[in-house]
Amino acid sequence: MAEAVRLIIWDLDETFWKGTLTEGGIDENQHFGEVVKELARRGIISSICSKNDFNAAKDVLERLGLWEYFVFPSINWDTKGPRIQEIVEQVQLRAPTILFVDDNPMNLEEAKFMVPDLQIADENILPGLLENPLLKGKPDPDMKRLADYKILEAKNAVKQTIGGNAFDFLRESDITVELDYDIEGNIDRAIELLNRTNQLNYTKNRVSDDMETARQQVRDMIRSYNVHTALVHVRDRFGDYGYVGFFVHVRGAGYNRLEQYCFSCRTLGMFVELWLYRQLGRPEIHIRGEVISDLFDESNPADWISFYNAEQDTTAQESAGRGGILLCGGCDLEAVAHYLQPVTERFRLFANTIRHGGELRRDHSTIVAQSARPVPADQRDCLLNCGYTDEDLSLDYASPHYSLIIFSFWGDLYYRTYAQHGGQTVLAYTPSNLGYNDLTTFYEADLRNRGVPDDGIQAFRHSGIQAFRHSGISEPTWCIKAPLTNRFSGVICVKS
(Lines give C-alpha, C1' and ligand atoms only; values in the text may rest on other atoms or scores of the structure.)
Protein backbone atom coordinates (compact mmCIF):
# COMPACT_ATOMS: atom_id res chain seq x y z
CA MET A 1 0.00 0.00 0.00
CA ALA A 2 1.34 3.44 -0.95
CA GLU A 3 2.39 5.75 1.89
CA ALA A 4 1.10 9.26 2.59
CA VAL A 5 2.87 11.79 0.38
CA ARG A 6 5.06 14.45 1.99
CA LEU A 7 6.65 15.87 -1.19
CA ILE A 8 5.55 16.20 -4.82
CA ILE A 9 8.13 16.67 -7.58
CA TRP A 10 6.43 18.42 -10.50
CA ASP A 11 7.29 18.36 -14.16
CA LEU A 12 6.35 21.73 -15.69
CA ASP A 13 5.44 21.52 -19.40
CA GLU A 14 2.09 19.82 -20.04
CA THR A 15 1.99 18.82 -16.37
CA PHE A 16 2.09 21.74 -13.97
CA TRP A 17 1.00 24.14 -16.69
CA LYS A 18 -0.58 23.87 -20.14
CA GLY A 19 1.87 24.16 -23.02
CA THR A 20 5.61 23.98 -23.58
CA LEU A 21 7.65 26.98 -22.49
CA THR A 22 10.29 26.81 -25.24
CA GLU A 23 8.00 25.59 -28.04
CA GLY A 24 5.01 27.82 -28.57
CA GLY A 25 4.76 29.08 -25.02
CA ILE A 26 2.33 28.32 -22.19
CA ASP A 27 -1.10 29.47 -21.10
CA GLU A 28 -0.37 31.30 -17.84
CA ASN A 29 -4.04 31.02 -16.87
CA GLN A 30 -3.92 27.22 -16.81
CA HIS A 31 -1.72 25.83 -14.08
CA PHE A 32 -1.91 24.05 -10.73
CA GLY A 33 -0.57 26.91 -8.65
CA GLU A 34 -3.58 26.94 -6.29
CA VAL A 35 -3.12 23.22 -5.73
CA VAL A 36 0.52 23.80 -4.77
CA LYS A 37 -0.55 26.50 -2.29
CA GLU A 38 -3.20 24.26 -0.74
CA LEU A 39 -0.71 21.41 -0.44
CA ALA A 40 1.65 23.77 1.38
CA ARG A 41 -1.16 24.57 3.84
CA ARG A 42 -1.40 20.82 4.44
CA GLY A 43 2.31 20.54 5.15
CA ILE A 44 3.04 18.85 1.79
CA ILE A 45 6.02 20.35 -0.03
CA SER A 46 6.53 20.83 -3.79
CA SER A 47 9.68 20.61 -5.87
CA ILE A 48 10.38 20.77 -9.61
CA CYS A 49 12.22 18.52 -12.04
CA SER A 50 11.82 19.98 -15.53
CA LYS A 51 13.76 19.99 -18.79
CA ASN A 52 13.69 23.73 -19.39
CA ASP A 53 15.66 26.94 -19.33
CA PHE A 54 16.09 27.80 -15.65
CA ASN A 55 15.78 31.59 -15.93
CA ALA A 56 12.78 31.45 -18.24
CA ALA A 57 10.89 29.03 -15.98
CA LYS A 58 11.77 31.01 -12.88
CA ASP A 59 10.55 34.25 -14.47
CA VAL A 60 7.15 32.73 -15.19
CA LEU A 61 6.77 31.24 -11.70
CA GLU A 62 7.78 34.53 -10.10
CA ARG A 63 5.28 36.40 -12.26
CA LEU A 64 2.58 33.97 -11.11
CA GLY A 65 3.63 34.43 -7.47
CA LEU A 66 4.52 30.74 -7.14
CA TRP A 67 8.31 30.53 -7.11
CA GLU A 68 8.56 30.64 -3.32
CA TYR A 69 6.29 27.61 -2.99
CA PHE A 70 8.90 25.27 -4.49
CA VAL A 71 12.06 23.91 -2.89
CA PHE A 72 15.14 22.42 -4.55
CA PRO A 73 13.92 23.15 -8.11
CA SER A 74 15.93 21.26 -10.72
CA ILE A 75 15.42 23.01 -14.06
CA ASN A 76 17.92 22.18 -16.80
CA TRP A 77 18.32 19.91 -19.82
CA ASP A 78 19.96 16.90 -18.12
CA THR A 79 18.26 13.51 -17.84
CA LYS A 80 15.77 13.38 -14.99
CA GLY A 81 16.65 10.15 -13.19
CA PRO A 82 19.84 11.37 -11.46
CA ARG A 83 18.23 14.74 -10.75
CA ILE A 84 15.25 13.09 -9.05
CA GLN A 85 17.71 11.04 -6.98
CA GLU A 86 19.52 14.23 -5.98
CA ILE A 87 16.28 15.94 -4.91
CA VAL A 88 15.38 12.93 -2.75
CA GLU A 89 18.77 13.14 -1.05
CA GLN A 90 18.51 16.90 -0.54
CA VAL A 91 15.06 16.88 1.08
CA GLN A 92 16.11 14.05 3.41
CA LEU A 93 12.81 12.23 3.07
CA ARG A 94 12.15 8.56 2.45
CA ALA A 95 11.43 7.81 -1.20
CA PRO A 96 8.06 6.09 -0.52
CA THR A 97 6.73 9.43 0.81
CA ILE A 98 7.63 11.28 -2.43
CA LEU A 99 5.46 11.48 -5.57
CA PHE A 100 6.91 12.40 -9.00
CA VAL A 101 4.36 13.59 -11.58
CA ASP A 102 5.32 13.81 -15.28
CA ASP A 103 3.47 13.47 -18.58
CA ASN A 104 6.36 11.51 -20.16
CA PRO A 105 6.33 7.75 -19.35
CA MET A 106 10.05 7.45 -20.08
CA ASN A 107 10.87 10.09 -17.44
CA LEU A 108 8.70 8.27 -14.92
CA GLU A 109 10.37 4.93 -15.56
CA GLU A 110 13.85 6.47 -15.46
CA ALA A 111 13.06 8.06 -12.10
CA LYS A 112 11.69 4.76 -10.81
CA PHE A 113 14.85 3.00 -11.96
CA MET A 114 17.09 5.48 -10.09
CA VAL A 115 14.86 5.62 -6.98
CA PRO A 116 13.03 2.26 -6.81
CA ASP A 117 10.68 3.12 -3.91
CA LEU A 118 9.56 6.43 -5.43
CA GLN A 119 5.84 6.91 -6.15
CA ILE A 120 5.17 7.97 -9.77
CA ALA A 121 2.09 9.15 -11.68
CA ASP A 122 1.23 10.84 -14.96
CA GLU A 123 -0.66 14.13 -15.38
CA ASN A 124 -4.06 12.40 -15.15
CA ILE A 125 -3.73 12.25 -11.37
CA LEU A 126 -3.74 16.04 -11.03
CA PRO A 127 -7.44 17.03 -11.33
CA GLY A 128 -8.32 14.92 -8.27
CA LEU A 129 -5.08 15.47 -6.40
CA LEU A 130 -6.53 17.35 -3.42
CA GLU A 131 -9.16 14.63 -2.88
CA ASN A 132 -6.56 11.86 -2.92
CA PRO A 133 -6.34 10.36 0.62
CA LEU A 134 -2.55 10.06 0.27
CA LEU A 135 -2.34 13.85 0.05
CA LYS A 136 -4.53 14.67 3.03
CA GLY A 137 -1.52 15.96 4.95
CA LYS A 138 -1.90 17.75 8.29
CA PRO A 139 -3.07 21.32 8.86
CA ASP A 140 -0.20 23.80 8.52
CA PRO A 141 -1.91 27.14 7.87
CA ASP A 142 1.27 29.09 8.58
CA MET A 143 3.21 26.88 6.13
CA LYS A 144 5.85 26.21 8.78
CA ARG A 145 6.96 23.06 7.02
CA LEU A 146 7.58 24.97 3.80
CA ALA A 147 9.61 27.54 5.76
CA ASP A 148 11.69 24.73 7.26
CA TYR A 149 12.51 23.39 3.80
CA LYS A 150 13.43 26.85 2.58
CA ILE A 151 15.97 26.96 5.40
CA LEU A 152 17.26 23.54 4.36
CA GLU A 153 17.52 24.75 0.77
CA ALA A 154 19.55 27.82 1.82
CA LYS A 155 21.87 25.69 3.91
CA ASN A 156 22.45 23.34 1.04
CA ALA A 157 23.41 26.26 -1.24
CA VAL A 158 25.96 27.53 1.30
CA LYS A 159 27.30 24.03 1.81
CA GLN A 160 27.97 23.68 -1.90
CA THR A 161 29.94 26.96 -1.95
CA ILE A 162 32.13 25.65 0.88
CA GLY A 163 32.94 22.59 -1.18
CA GLY A 164 30.70 20.01 0.40
CA ASN A 165 32.76 19.43 3.54
CA ALA A 166 30.00 18.73 6.06
CA PHE A 167 31.94 19.56 9.21
CA ASP A 168 33.31 22.83 7.77
CA PHE A 169 29.80 23.79 6.75
CA LEU A 170 28.41 23.05 10.21
CA ARG A 171 31.12 25.15 11.83
CA GLU A 172 30.03 28.05 9.62
CA SER A 173 26.38 27.62 10.57
CA ASP A 174 26.43 29.07 14.14
CA ILE A 175 24.18 26.35 15.55
CA THR A 176 22.88 27.05 19.05
CA VAL A 177 20.78 25.06 21.51
CA GLU A 178 18.46 26.52 24.12
CA LEU A 179 16.84 24.31 26.76
CA ASP A 180 13.32 25.42 27.64
CA TYR A 181 12.14 24.05 30.97
CA ASP A 182 8.55 25.25 30.60
CA ILE A 183 7.14 21.82 29.78
CA GLU A 184 3.64 22.62 30.99
CA GLY A 185 3.42 25.66 28.73
CA ASN A 186 4.52 23.58 25.72
CA ILE A 187 3.21 20.18 26.73
CA ASP A 188 1.43 19.50 23.44
CA ARG A 189 4.70 19.96 21.52
CA ALA A 190 6.40 17.50 23.90
CA ILE A 191 3.62 14.98 23.18
CA GLU A 192 4.00 15.55 19.43
CA LEU A 193 7.72 14.86 19.62
CA LEU A 194 7.21 11.72 21.70
CA ASN A 195 4.60 10.24 19.38
CA ARG A 196 5.55 11.49 15.91
CA THR A 197 9.34 11.26 15.82
CA ASN A 198 10.91 7.99 14.80
CA GLN A 199 14.29 8.14 13.06
CA LEU A 200 15.82 10.23 15.87
CA ASN A 201 13.63 8.89 18.68
CA TYR A 202 16.05 6.77 20.69
CA THR A 203 13.72 5.55 23.44
CA LYS A 204 10.39 5.35 21.59
CA ASN A 205 8.41 5.44 24.83
CA ARG A 206 5.14 6.71 23.37
CA VAL A 207 2.25 8.29 25.23
CA SER A 208 -1.48 7.98 24.64
CA ASP A 209 -3.16 9.28 21.48
CA ASP A 210 -5.79 10.84 23.73
CA MET A 211 -4.43 14.31 24.47
CA GLU A 212 -5.74 14.64 28.02
CA THR A 213 -4.33 11.24 28.95
CA ALA A 214 -1.04 12.06 27.22
CA ARG A 215 -0.71 15.37 29.07
CA GLN A 216 -1.11 13.61 32.40
CA GLN A 217 1.42 10.94 31.37
CA VAL A 218 3.99 13.65 30.58
CA ARG A 219 3.30 15.39 33.90
CA ASP A 220 3.76 12.08 35.72
CA MET A 221 7.10 11.33 34.01
CA ILE A 222 8.63 14.72 34.92
CA ARG A 223 7.28 15.38 38.41
CA SER A 224 10.02 13.71 40.48
CA TYR A 225 12.71 15.90 42.07
CA ASN A 226 15.53 13.99 40.37
CA VAL A 227 14.23 14.57 36.84
CA HIS A 228 15.90 17.03 34.50
CA THR A 229 13.67 17.62 31.52
CA ALA A 230 13.49 20.21 28.77
CA LEU A 231 12.42 20.97 25.24
CA VAL A 232 15.31 21.57 22.86
CA HIS A 233 15.15 24.80 20.84
CA VAL A 234 17.61 25.01 17.93
CA ARG A 235 18.68 28.03 15.88
CA ASP A 236 21.38 28.70 13.33
CA ARG A 237 22.26 31.57 11.03
CA PHE A 238 19.76 30.31 8.47
CA GLY A 239 16.73 30.37 10.73
CA ASP A 240 14.88 29.30 13.88
CA TYR A 241 13.84 25.64 13.97
CA GLY A 242 11.72 25.93 17.11
CA TYR A 243 11.32 23.04 19.52
CA VAL A 244 12.93 20.06 17.81
CA GLY A 245 13.76 17.81 20.76
CA PHE A 246 12.56 16.59 24.14
CA PHE A 247 14.30 14.61 26.86
CA VAL A 248 13.63 13.21 30.33
CA HIS A 249 16.90 12.78 32.20
CA VAL A 250 16.93 11.03 35.59
CA ARG A 251 20.05 11.49 37.64
CA GLY A 252 21.22 10.94 41.20
CA ALA A 253 23.88 9.19 43.28
CA GLY A 254 24.86 6.07 41.36
CA TYR A 255 22.45 6.48 38.44
CA ASN A 256 22.33 8.63 35.32
CA ARG A 257 19.94 7.63 32.55
CA LEU A 258 17.71 8.96 29.78
CA GLU A 259 14.13 7.75 29.86
CA GLN A 260 13.01 9.89 26.91
CA TYR A 261 15.27 11.19 24.15
CA CYS A 262 13.72 12.21 20.84
CA PHE A 263 14.35 14.73 18.08
CA SER A 264 12.63 15.87 14.93
CA CYS A 265 14.36 15.14 11.62
CA ARG A 266 14.16 18.89 11.04
CA THR A 267 17.71 19.12 12.37
CA LEU A 268 19.02 15.89 10.85
CA GLY A 269 22.70 16.23 10.05
CA MET A 270 23.38 18.95 12.63
CA PHE A 271 24.19 16.28 15.26
CA VAL A 272 22.38 18.21 17.98
CA GLU A 273 21.38 14.87 19.50
CA LEU A 274 25.04 13.80 19.76
CA TRP A 275 26.22 17.13 21.21
CA LEU A 276 23.46 17.26 23.81
CA TYR A 277 24.04 13.64 24.82
CA ARG A 278 27.61 14.58 25.72
CA GLN A 279 26.43 17.72 27.54
CA LEU A 280 24.20 15.51 29.68
CA GLY A 281 27.20 13.43 30.74
CA ARG A 282 26.71 10.46 28.35
CA PRO A 283 23.94 8.92 30.47
CA GLU A 284 22.77 5.34 30.24
CA ILE A 285 20.14 4.91 27.52
CA HIS A 286 18.24 1.90 26.25
CA ILE A 287 17.87 2.46 22.51
CA ARG A 288 14.76 0.89 21.01
CA GLY A 289 14.42 0.17 17.32
CA GLU A 290 16.48 1.68 14.54
CA VAL A 291 17.87 5.22 14.63
CA ILE A 292 19.97 7.04 12.04
CA SER A 293 22.47 8.83 14.26
CA ASP A 294 24.95 7.07 16.53
CA LEU A 295 25.11 8.63 20.02
CA PHE A 296 28.32 6.76 20.74
CA ASP A 297 30.30 7.90 17.69
CA GLU A 298 33.39 9.43 19.30
CA SER A 299 34.93 10.07 15.86
CA ASN A 300 32.38 12.86 15.31
CA PRO A 301 33.64 16.01 17.09
CA ALA A 302 30.26 17.80 17.09
CA ASP A 303 32.18 20.92 18.14
CA TRP A 304 30.09 23.38 16.12
CA ILE A 305 27.22 23.75 18.61
CA SER A 306 26.94 26.01 21.64
CA PHE A 307 24.26 27.01 24.10
CA TYR A 308 22.09 29.88 22.91
CA ASN A 309 23.29 33.21 24.27
CA ALA A 310 20.61 35.88 23.89
CA GLU A 311 22.18 39.34 23.80
CA GLN A 312 25.52 38.04 25.02
CA ASP A 313 23.77 36.13 27.81
CA THR A 314 23.29 39.22 29.96
CA THR A 315 20.80 37.43 32.18
CA ALA A 316 23.35 34.76 32.99
CA GLN A 317 26.00 37.36 33.76
CA GLU A 318 23.68 39.16 36.16
CA SER A 319 23.08 36.01 38.13
CA ALA A 320 26.42 34.29 37.95
CA GLY A 321 29.01 36.90 37.09
CA ARG A 322 31.73 36.22 34.60
CA GLY A 323 33.15 33.25 36.46
CA GLY A 324 31.97 29.71 36.96
CA ILE A 325 29.55 27.92 39.26
CA LEU A 326 30.41 25.21 41.77
CA LEU A 327 27.76 23.04 43.41
CA CYS A 328 28.65 20.78 46.32
CA GLY A 329 25.94 18.62 47.81
CA GLY A 330 23.71 15.62 47.36
CA CYS A 331 20.83 14.72 45.11
CA ASP A 332 19.13 18.04 45.83
CA LEU A 333 21.83 19.80 43.81
CA GLU A 334 21.84 17.01 41.22
CA ALA A 335 18.27 18.09 40.49
CA VAL A 336 19.18 21.72 39.75
CA ALA A 337 22.63 21.26 38.22
CA HIS A 338 21.38 21.02 34.65
CA TYR A 339 19.49 24.29 34.97
CA LEU A 340 22.66 26.15 35.97
CA GLN A 341 25.17 24.47 33.70
CA PRO A 342 24.10 26.27 30.49
CA VAL A 343 24.72 29.75 31.93
CA THR A 344 28.46 29.36 32.42
CA GLU A 345 31.33 27.79 30.54
CA ARG A 346 32.98 26.66 33.79
CA PHE A 347 30.73 24.44 35.86
CA ARG A 348 31.36 21.72 38.41
CA LEU A 349 29.00 19.48 40.35
CA PHE A 350 30.63 17.78 43.32
CA ALA A 351 28.12 15.29 44.72
CA ASN A 352 28.02 12.10 46.74
CA THR A 353 28.76 8.94 44.81
CA ILE A 354 28.40 5.16 44.92
CA ARG A 355 31.62 3.17 44.98
CA HIS A 356 32.58 -0.36 46.14
CA GLY A 357 29.00 -1.03 47.09
CA GLY A 358 28.98 1.89 49.52
CA GLU A 359 27.69 5.43 49.58
CA LEU A 360 30.61 7.84 49.87
CA ARG A 361 29.50 11.23 51.18
CA ARG A 362 32.33 13.23 49.71
CA ASP A 363 29.99 16.22 50.02
CA HIS A 364 29.96 15.79 53.83
CA SER A 365 31.56 18.73 55.63
CA THR A 366 34.19 16.49 57.22
CA ILE A 367 35.48 15.55 53.75
CA VAL A 368 34.94 18.92 52.08
CA ALA A 369 36.91 20.69 54.81
CA GLN A 370 39.96 18.56 54.04
CA SER A 371 40.07 19.96 50.50
CA ALA A 372 40.98 23.39 51.90
CA ARG A 373 44.50 22.27 52.72
CA PRO A 374 46.89 19.44 51.79
CA VAL A 375 45.82 16.17 53.36
CA PRO A 376 48.59 14.56 55.48
CA ALA A 377 49.90 11.35 53.99
CA ASP A 378 48.65 9.08 56.79
CA GLN A 379 45.13 10.51 56.61
CA ARG A 380 45.16 10.33 52.84
CA ASP A 381 46.18 6.65 52.91
CA CYS A 382 43.46 5.91 55.42
CA LEU A 383 40.80 7.54 53.25
CA LEU A 384 42.03 5.73 50.12
CA ASN A 385 41.84 2.40 51.95
CA CYS A 386 38.25 3.17 52.89
CA GLY A 387 37.20 3.67 49.29
CA TYR A 388 37.79 7.39 48.75
CA THR A 389 39.97 8.65 45.90
CA ASP A 390 42.23 11.62 45.31
CA GLU A 391 39.48 13.10 43.17
CA ASP A 392 37.20 13.09 46.24
CA LEU A 393 39.69 15.38 47.98
CA SER A 394 40.06 17.79 45.06
CA LEU A 395 37.20 20.19 45.64
CA ASP A 396 38.75 23.42 44.42
CA TYR A 397 36.35 25.86 46.08
CA ALA A 398 39.18 28.35 46.70
CA SER A 399 39.73 28.63 42.93
CA PRO A 400 39.38 32.12 41.42
CA HIS A 401 37.39 30.60 38.56
CA TYR A 402 34.14 30.48 40.54
CA SER A 403 31.83 33.44 41.00
CA LEU A 404 29.10 31.43 42.71
CA ILE A 405 29.51 28.49 45.07
CA ILE A 406 26.67 26.57 46.68
CA PHE A 407 27.25 24.13 49.55
CA SER A 408 24.37 21.90 50.64
CA PHE A 409 25.29 19.92 53.75
CA TRP A 410 22.00 18.20 54.45
CA GLY A 411 23.90 14.90 54.44
CA ASP A 412 25.53 15.99 57.71
CA LEU A 413 22.14 15.71 59.40
CA TYR A 414 21.76 12.01 58.72
CA TYR A 415 25.08 10.35 57.95
CA ARG A 416 27.25 9.22 60.79
CA THR A 417 30.92 10.08 61.10
CA TYR A 418 33.77 7.88 62.28
CA ALA A 419 37.08 8.82 63.88
CA GLN A 420 40.21 6.75 63.35
CA HIS A 421 41.65 4.92 66.35
CA GLY A 422 45.07 6.38 67.01
CA GLY A 423 44.85 8.84 64.09
CA GLN A 424 43.32 12.09 62.93
CA THR A 425 41.12 10.84 60.09
CA VAL A 426 37.40 11.55 60.31
CA LEU A 427 35.07 10.36 57.54
CA ALA A 428 31.50 9.56 56.59
CA TYR A 429 30.91 6.12 55.12
CA THR A 430 27.82 3.97 54.57
CA PRO A 431 27.95 0.53 52.92
CA SER A 432 25.01 -0.30 50.69
CA ASN A 433 21.70 -1.16 52.37
CA LEU A 434 23.02 0.00 55.74
CA GLY A 435 20.94 3.14 55.90
CA TYR A 436 21.83 5.56 58.66
CA ASN A 437 22.85 2.83 61.14
CA ASP A 438 26.11 2.76 63.09
CA LEU A 439 28.70 0.97 60.97
CA THR A 440 30.66 -0.25 64.02
CA THR A 441 27.78 -2.45 65.19
CA PHE A 442 27.94 -4.61 62.07
CA TYR A 443 30.19 -7.50 61.06
CA GLU A 444 31.31 -8.69 57.64
CA ALA A 445 28.66 -11.40 57.55
CA ASP A 446 25.96 -8.80 58.12
CA LEU A 447 27.20 -6.75 55.19
CA ARG A 448 27.48 -9.77 52.91
CA ASN A 449 23.89 -10.68 53.75
CA ARG A 450 22.92 -7.16 52.72
CA GLY A 451 24.57 -7.63 49.31
CA VAL A 452 27.78 -5.65 49.81
CA PRO A 453 30.34 -6.76 47.14
CA ASP A 454 33.89 -7.94 47.87
CA ASP A 455 35.51 -4.55 47.22
CA GLY A 456 33.03 -3.03 49.67
CA ILE A 457 34.02 -5.64 52.24
CA GLN A 458 37.66 -4.66 51.75
CA ALA A 459 36.78 -1.04 52.48
CA PHE A 460 34.77 -2.13 55.51
CA ARG A 461 37.80 -3.95 56.92
CA HIS A 462 39.59 -0.60 57.02
CA SER A 463 36.66 1.49 58.23
CA GLY A 464 34.84 -0.97 60.48
CA ILE A 465 34.94 -1.90 64.13
CA GLN A 466 38.66 -2.30 64.62
CA ALA A 467 39.85 0.79 62.74
CA PHE A 468 37.29 3.45 63.68
CA ARG A 469 35.04 4.54 66.50
CA HIS A 470 31.60 5.94 65.99
CA SER A 471 31.48 9.74 66.38
CA GLY A 472 27.74 10.13 65.94
CA ILE A 473 25.97 12.86 64.02
CA SER A 474 27.42 16.21 64.83
CA GLU A 475 26.23 19.72 64.05
CA PRO A 476 27.54 20.41 60.55
CA THR A 477 30.05 23.05 59.65
CA TRP A 478 27.61 24.97 57.49
CA CYS A 479 30.12 27.35 55.98
CA ILE A 480 33.60 25.94 55.49
CA LYS A 481 36.44 27.92 57.01
CA ALA A 482 38.69 28.28 54.00
CA PRO A 483 40.68 31.02 52.28
CA LEU A 484 37.61 32.47 50.56
CA THR A 485 37.73 36.15 49.65
CA ASN A 486 35.27 38.83 48.69
CA ARG A 487 35.96 38.20 45.00
CA PHE A 488 32.99 35.78 45.02
CA SER A 489 29.54 36.96 44.01
CA GLY A 490 28.27 34.62 46.69
CA VAL A 491 28.86 31.52 48.78
CA ILE A 492 25.53 29.96 49.67
CA CYS A 493 25.25 27.31 52.36
CA VAL A 494 21.98 25.41 52.48
CA LYS A 495 20.58 23.83 55.62
CA SER A 496 17.85 21.28 55.01
Practice problem: Kindly indicate, with the supporting measurements, whether the criterion side chain to side chain contact (heavy atoms under 4.5 Å, CB included) is fulfilled by Asp53 and Leu21. | Solution: CA-CA 9 Å; Asp53 178 79; Leu21 187 60; 5.9 Å; no
(request) Just do the salt bridge (charged side-chain N to carboxylate O under 4.0 Å, His left out) check on Arg237 and Glu172 with the steps written out, would you? (result) CA-CA 9 Å; Arg237 71 185 181 94; Glu172 293 287 330; 5.2 Å; no
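Formation of a donor-acceptor pair under 3.5 Å by the Ser50 side chain with backbone atoms of Ile75 is not found in this model. The main-chain N or O of Leu130 is found under 3.5 Å from a side-chain atom of Arg42 such that the two form a donor-acceptor pair. Here the side chain of Tyr308 pairs no donor or acceptor atom with the backbone of Val234 at under 3.5 angstrom. Lys204 contributes a side-chain N or O that, together with a main-chain N or O of Glu290, makes up a donor-acceptor pair within less than 3.5 Å. Although no hydrogens or angles enter the test, the distance criterion places a donor-acceptor pair under 3.5 Å between the side chain of Glu110 and the main chain of Gly81. Between the side chain of Glu284 and the backbone N or O of Asn256, no donor-acceptor pair lies under 3.5 Å. No donor-acceptor pair closer than 3.5 Å links the side chain of Asn186 to the backbone N or O of Arg189. Side-chain atoms of Asp142 do not come within 3.5 Å of backbone N or O of Lys144 as any donor-acceptor pair. Within the 3.5 Å criterion, the main-chain N or O of Glu273 finds a donor-acceptor partner in the side chain of Tyr261. With hydrogens and angles disregarded, no donor-acceptor distance shorter than 3.5 Å links the side chain of Arg251 to the backbone of His228.
At a cut-off of 3.5 Å, with distance as the only test, a side-chain donor of Asp103 or Thr15 sits close to an acceptor on the other residue. Ser208 and Asp210 share no donor-acceptor pair across their side chains, judged by distance under 3.5 Å alone. In this model, a donor atom of one side chain and an acceptor atom of the other lie less than 3.5 Å apart for Trp10 and Ser46.
With rounding to the nearest 0.5 Å, the separation of NE2 in His249 from CD in Gln260 is 13.5 Å. With values rounded to the nearest 0.5 angstrom, Trp275 atom CH2 is found 9.0 Å from Leu280 atom CG. Residue Leu258 holds its CG atom at 11.0 Å from CG of Asn205, rounded to the nearest 0.5 Å. Put simply, OH on Tyr402 and CZ on Phe347 are 9.5 Å apart, with the number rounded to the nearest 0.5 Å. The OG1 atom of Thr389 lies 7.0 Å from the CZ atom of Arg362; values are rounded to the nearest 0.5 Å. Once rounded to the nearest 0.5 Å, the distance linking CZ of Arg278 with CD of Glu298 reads 5.0 Å.
Annotation: Lys136, atom NZ; neighbour count of heavy atoms from other residues, nucleotides and ligands within 6.0 Å does not exceed 12. For Phe113, the CZ atom counts as loosely surrounded, since its 6.0 Å shell holds 12 or fewer non-hydrogen atoms of other residues, nucleotides or ligands. Open room surrounds CG on Asp209; 12 or fewer heavy atoms of other groups in view lie less than 6.0 Å from it. The environment of CE in Met211 is crowded: more than 12 heavy-atom neighbours from other residues, nucleotides or ligands sit within 6.0 Å.
A side chain to side chain contact (heavy atoms under 4.5 Å, CB included) with Leu118 is found for exactly one of Leu99, Thr97, Ile84, namely Ile84.
Relative to the six-membered ring of Trp410, Arg361 meets both conditions, a distance below 6.0 Å and an angle of at most 45° to the axis.
Using a cut-off of 4.0 Å between Lys/Arg side-chain N and Asp/Glu carboxylate O, Asp303 and Arg171 are scored as salt-bridged. Glu86 and Arg83 are not joined by a salt bridge, as no carboxylate oxygen comes within less than 4.0 angstrom of a charged side-chain nitrogen. Lys150 has a carboxylate O that lies under 4.0 Å from a charged side-chain N of Glu153, or vice versa, which qualifies the two as a salt bridge. Residues Arg215 and Asp188 are paired through a salt bridge, judged by an N-O separation under 4.0 Å between the basic side chain and the carboxylate.
For the pair Leu193 and Ser264, the minimum side-chain heavy-atom distance is below 4.5 Å.
In this structure, the salt bridge (Lys or Arg N to Asp or Glu O under 4.0 Å) partners of Glu28, at least two apart in sequence or on a different chain, are Arg63.
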